[in-house]
Structure formats: C-alpha cells, structure tokens
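Numbers restart at 1 for each chain; the letters A, B, ... are given by sequence-line order, proteins then strands.
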2 protein chains.
Amino acid sequence: MTSAPVHVLLVEDEPQMRRFLRVALEGGGYRYLEAGTGQEGLALAVQHRPDVILLDLGLPDMDGLELMTRLRAWSQTPVIVISARGQETDKIGALDVGADDYLTKPFGTGELLARIRVALRHADPGAAEEPVFRLGRWQVDLTKRQVVVAGQEVHLTPLEYGLFTTLIRHAGKVVTQRQLLKEVWGGVAGAQPLYLRVYMAQLRHKLEEDPSRPRYLQTEPGIGYRLRLED
Amino acid sequence: MTSAPVHVLLVEDEPQMRRFLRVALEGGGYRYLEAGTGQEGLALAVQHRPDVILLDLGLPDMDGLELMTRLRAWSQTPVIVISARGQETDKIGALDVGADDYLTKPFGTGELLARIRVALRHADPGAAEEPVFRLGRWQVDLTKRQVVVAGQEVHLTPLEYGLFTTLIRHAGKVVTQRQLLKEVWGGVAGAQPLYLRVYMAQLRHKLEEDPSRPRYLQTEPGIGYRLRLED
DNA sequence: AAGAGGCGTTAAGACGCCGTTAGGATTCAC
DNA sequence: GTGAATCCTAACGGCGTCTTAACGCCTCTT
C-alpha cells in the first residue's frame, strides 16, 4: 500500500518561524507549501488542496478568524492554529469557527507532528475510500490526477478537472452554481455562471458518450449541476 | 430541531478535579458520567456509549495509555486527555495511541468546552445519516435535492421543489397561503394566491397517485395547504 | 334556487436560463 | 520571441420555466 505524499500548507508571515517549520515538516516526510499572507494562503488552498493547513493567527493582511471563516465556506480541510496568543478567548474563538486544534507557541516539533497525525486520522474517513472513483465507463484516480474513459486516458485542463472532482466529491447531490464557483474558482471576484456553462459543455464533450444528452453530468435548471450516480 | 443529550464520560481519580469538571460540564449542557479507575472507566464506556471521553492519564489501577489502547480496540469514541504531565513525550504517546486531543492542567472551562465541541464535530459526519423524508410511495432526499416516487426519480422545477419542501418542513400542519408565498416566492411583489393553485396542481400531477383526489397534498379552503401525514 | 367566491385545470405567451461556438487575451515553456 | 495550451468573453438559438388568463366545478350564502 503506497500512499500519496501528504501536503501541508503553512500560512505564516514570520520568516524565522517558516524556516523552523519547513525543516520540521520536511523532516517528518511531508510535502511543504507556504504562504506569507491570508490572500496567498486561500489561493494556495484552492489550487493545491493540501491535506492539512497550519495557520498563524497573526497575519499582516487578514484576521486569522476571517481566513478560517472564508476557508470553511467551501473546504473541510483540517486546520491547526499556531499562535503566540495564549488567551483562552482566542482559543475558543478559533476552535468555534472551525479550527481543529490550537497550539500555543512555543511548542515542540514532536508534538506538532503528532497533532498533524491526529488531524489526518480525522480526515481519513473521507480519504480512506478508494482513491479511484468509478462510474460507468469512467475511472478517475484522484491521487494520480488521471481520468480514463472506456480504457482511454483523457486529458482535462485544471479548471475542467477541478469542476469534475468537485462534482465527484458531492456525487449524487446537487451542487449550486454559487458553490461550484466558490470551490473551483476559489471566490475570485469575476466568477460568473457563464463559466460553468462553458466548462460543463467541454466536460460533457470529453466524458459523455452523447454530449447533447448527458447521462451523468446533469443540469438542475436554475439551481446548479449534479453528478448522477444510479442509472 | 431537538437533539439527544450529549453524554460525557470523565475518568479521573482526584475528587477535587471531578467536582470542578462536573460543574463545568453540567453547566455546559452535557450529561455527565464519572469513573474513578480505569476498570470502571472501561465498564462505563461499554455500558453507556458516551459521545466523548475525558481521560486523566494518572490513574491508580491502570496506565492511561493502556486504557487508550484497550478502548480503541473496539471504540472510536473521541478521547480528550487531561493530564498534569506536560512533557512532550507524554503528549506524543497519547495522541499516537488514539487520543484526539491533549489538555495540560491547569486549563479553563471555556477551552475545554470548545475542544469538546471540536471532538463532537469530528465524530458527527459518521453519525449524520442522510436526512431522508419518507411518506407513502415518496422518498425525498433533502441534501441531494432528489424526489423519488415509487422508486422512480421525478424532476421538480425550482418552484415546485420549493413549495414541496416548505410543506414538508411544516409536515402535518396547515401552512397559510401568505406564508407559502413568502417562503417560496421570497416576498416577490406580484405573488398571488393563483400561483399556489397552479403549482399545487402540477405537484399533485407529478406526485399523487390520483391527482384529482389527493391523498397527501390537501387543501384547507380559505386558509392554505397541508401535507397530511397519517393515512 | 341563484349568485358569489374559492379552487382546480389547462394552455399559451413571455421570459430567462442553458448549451454551443468561436475569437481574442493570457500564461507558460522552450 | 514564438508557439501552444488554457482561460475569458461575447453572441445567439433553443428550450425549460414562470407567469397570466380563461373557464368549469364546487361550496357556502341569502
């Protein structure tokens, strides 16, 4: 059983702390990403879908709690807060807006790594499912980022793939247009429902047998789209 | 929406600490159980299936880590360790044998309650079944936005679905016309009682066995409509 | 018994949303 | 600097959905 590398995103502005954690995390066998601002952190979370996020509350451009709220609007990725502020009200506030753990500086790398393991264990039920999604002639390997249709590999652009996997993650359920735009485009300002129509059309052409009569990629008029499961 | 009371099991030998936590937990709205030894703790966990377990590592009859191991052999109940030992190796050991959090004494009640809420949040996705509404031949999955009649999926337009789910939300009770127009049409100016007649007719055609003699979607003349529950 | 008001039914027109296509802008690699 | 891939944007035709009107039935009133 080989598992895909685990990605950790660090959102922290102090260079000293970043260096310290980079060493600790890479030493622990994790792939490492870093952001110095809240904006950058949100962008990287959208692009790379890390498995865990380490978040310093004291950011230059955005309140940590606001970042938590905006992240939780579309993502359930575990967040471990790292803060110099040890006040109880800070902890309660962060935990109640969706943080999964709260670590007060200074802390040891061993404890941090142990708490990351706990966070991954919690997220596991979602990830422990087969990393391969099968439906009809489709076969999607979410770790390899590979899509196979009727035995033939099909190339998807980043946005197409993002749209597709978002529907897969909510398989069977209707996903509203607003939610799709949020999860795929990451809350970018100019995101319009028009984008969805264009990329859904492209997806159907690449994946559906009869693109004009989609079997799985269905429209819910006025609401959004759904990946239909049963036949 | 009323939810079942949440049970918390405390495994702790110091009477003083027990008194302190009893007040904190009952004040927080939790049902409270306590055990003074590891043996008793395991027994109570089996009998009462608490939703969260608070575990002091320093027990008289059993090492805390051993208790963790024996508990995890059959139960995934969230465990928050409470300990006077703040050594990093203690924390790592406890977290790695299955604890979900580690709190070092002394701590505030607010933080404890917040961390209990986090633990409950983690346990939730597994326990949260899909909210499916069943009545006669009907089966409505409110998360999937899917309506099934006699095993056959039926497509509803946004207004039809809105009207139907509004009646479901007030199942059994009469919903006035004014209230329906408000909840479904969202305070649009031109909303008329005529709309209700049209869409109720469409709903009955799509859902009722004999649309001219509705069994569930009943009219309350002069008042509004009601979704009848009993047969 | 006749009238009035409320309700169910149907159909047709208006409207908005969706699918589709294509061209230009942008980014990235070489 | 050039090329390819990808993304954004606009335009248009078609179709589903919503709105609206007309008519018949029923019930209650007087």
Side-chain angles (χ1 to χ4, degrees), chain A residues 43 46-47 145 147 153-167 174-178 180-181 183-226 228, chain B residues 145 147 153-164 166-167 174-178 180-181 183-226 228:
Chain A
V46 170
Q47 281 171 35
R145 200 197 175 283
V147 179
E153 179 166 357
V154 171
H155 173 73
L156 297 185
T157 72
L159 281 182
E160 289 165 1
Y161 185 78
L163 187 55
F164 189 35
T165 53
T166 301
L167 287 173
V174 174
V175 189
T176 65
Q177 302 183 358
R178 179 182 301 273
L180 281 171
L181 288 170
E183 296 200 24
V184 179
W185 274 261
V188 175
Q192 301 170 24
L194 168 62
Y195 300 173
L196 294 177
R197 284 185 267 150
V198 173
Y199 282 94
M200 281 301 296
Q202 291 182 6
L203 266 186
R204 292 204 253 242
H205 270 96
K206 289 189 176 182
L207 304 179
E208 288 276 5
E209 203 149 11
D210 181 358
S212 63
R213 233 172 267 146
R215 194 165 167 186
Y216 303 109
L217 296 171
Q218 297 210 322
T219 305
E220 214 66 38
I223 309 291
Y225 295 87
R226 131 162 57 197
R228 194 169 160 215
Chain B
R145 199 189 179 281
V147 178
E153 181 169 352
V154 173
H155 176 75
L156 297 185
T157 72
L159 282 182
E160 288 166 0
Y161 186 78
L163 186 56
F164 190 35
T166 302
L167 289 173
V174 177
V175 189
T176 65
Q177 301 185 358
R178 177 181 302 273
L180 281 172
L181 289 170
E183 294 197 27
V184 179
W185 273 261
V188 174
Q192 301 170 24
L194 167 62
Y195 300 171
L196 294 178
R197 298 208 295 272
V198 173
Y199 280 95
M200 282 303 295
Q202 291 183 6
L203 266 186
R204 293 204 254 242
H205 268 97
K206 289 189 175 182
L207 304 179
E208 289 275 5
E209 203 150 12
D210 181 358
S212 63
R213 245 177 249 139
R215 194 166 167 188
Y216 303 108
L217 296 170
Q218 298 214 320
T219 305
E220 215 66 38
I223 311 290
Y225 295 87
R226 138 168 42 202
R228 194 172 156 212

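Contact between the side-chain N/O atoms of Gln177(B) and the OP1/OP2 oxygens of dC7(C) is found at a separation under 4.0 Å. Distances shown here put a side-chain N or O of Tyr199(B) below 4.0 Å from the OP1 or OP2 atom of dC18(D). An OP1 or OP2 oxygen of dG8(C) is reached within less than 4.0 angstrom by a side-chain nitrogen or oxygen of Thr219(B). Considering only side-chain N and O atoms, Trp185(B) lies nowhere under 4.0 angstrom from the phosphate OP1 or OP2 of dC18(D). OP1 or OP2 of dC18(D) has at least one side-chain nitrogen or oxygen of Thr157(B) nearer than 4.0 Å. The side chain of Arg204(B) contributes an N or O atom lying less than 4.0 Å from OP1 or OP2 of dG8(C).
Rounded to whole Å, atom C1' of dG6(C) lies 18 Å from atom OH of Tyr195(B). Distance, Arg197(B) CZ to dG5(C) P: 14 Å, rounded to whole Å. As rounded to whole Å, 17 Å separates atom C1' of dG6(C) from atom CD of Gln218(B). Rounded to whole Å, the distance from CE on Met200(B) to P on dG6(C) is 18 Å. For the pair Lys206(A) NZ and dA5(D) P, the computed distance is 11 Å after rounding to whole Å. In this structure, the CG atom of Leu194(B) is 12 Å from the C1' atom of dT10(C), given to the nearest Å. Distance Gln192(B) CD to dC7(C) P: 14 Å, rounded to the nearest Å. Rounded to an integer number of Å, the gap from CG of Asp210(A) to P of dG19(C) is 14 Å.
Aromatic ring pairs are classed by plane angle as parallel below 30°, tilted from 30° to 60° and perpendicular above 60°; the pair Trp185(A) and Tyr195(A) is tilted.
Contacts of Gln202(A) with the nucleic acid, taken as non-hydrogen atoms under 4.0 Å apart, are absent. Here Leu196(A) lies out of heavy-atom contact (under 4.0 Å) with every strand. At the heavy-atom level, Tyr161(A) lies nowhere under 4.0 Å from the strands shown.
Taken from CZ in Arg197(A) to CE in Met200(A), the straight-line distance is 12.5 Å, to the nearest 0.5 Å.
Of the candidates dT9(C), dT17(D), dG19(C), dG19(C) carries the atom nearest the Tyr225(A) side chain, counting heavy atoms from C-beta on. The side chain of Pro158(A) lies closest to dT6(D), out of dT6(D), dT9(C), dT19(D). Taking only side-chain atoms of Val198(A), from C-beta outward, the nucleotide of dT21(C), dG19(C), dT19(D) with the closest atom is dT21(C). Nearest nucleotide to the side chain of Ser212(B), out of dT19(D), dC8(D), dT9(C): dT9(C). Proximity note for His205(A) (side chain, C-beta onward) versus dG8(C), dT21(C), dC18(C): the nearest is dT21(C). In the set dT6(D), dT17(D), dC18(C), dT17(D) carries the atom at the smallest distance from any side-chain atom of His155(B).
For Arg145(B) and Thr176(A), the side-chain atoms include no donor-acceptor pair closer than 3.5 Å.
In this structure, Gln192(B) and Leu181(B) approach most closely via the heavy-atom pair O-CD2, 3.5 Å. The two residues Pro221(A) and His155(B) make their nearest non-hydrogen contact at CD-CE1, 4.0 Å.
Screening Leu180(B), Val184(B), Leu159(B) against Tyr199(B) for a side chain to side chain contact (heavy atoms under 4.5 Å, CB included) leaves a single residue, Leu159(B).
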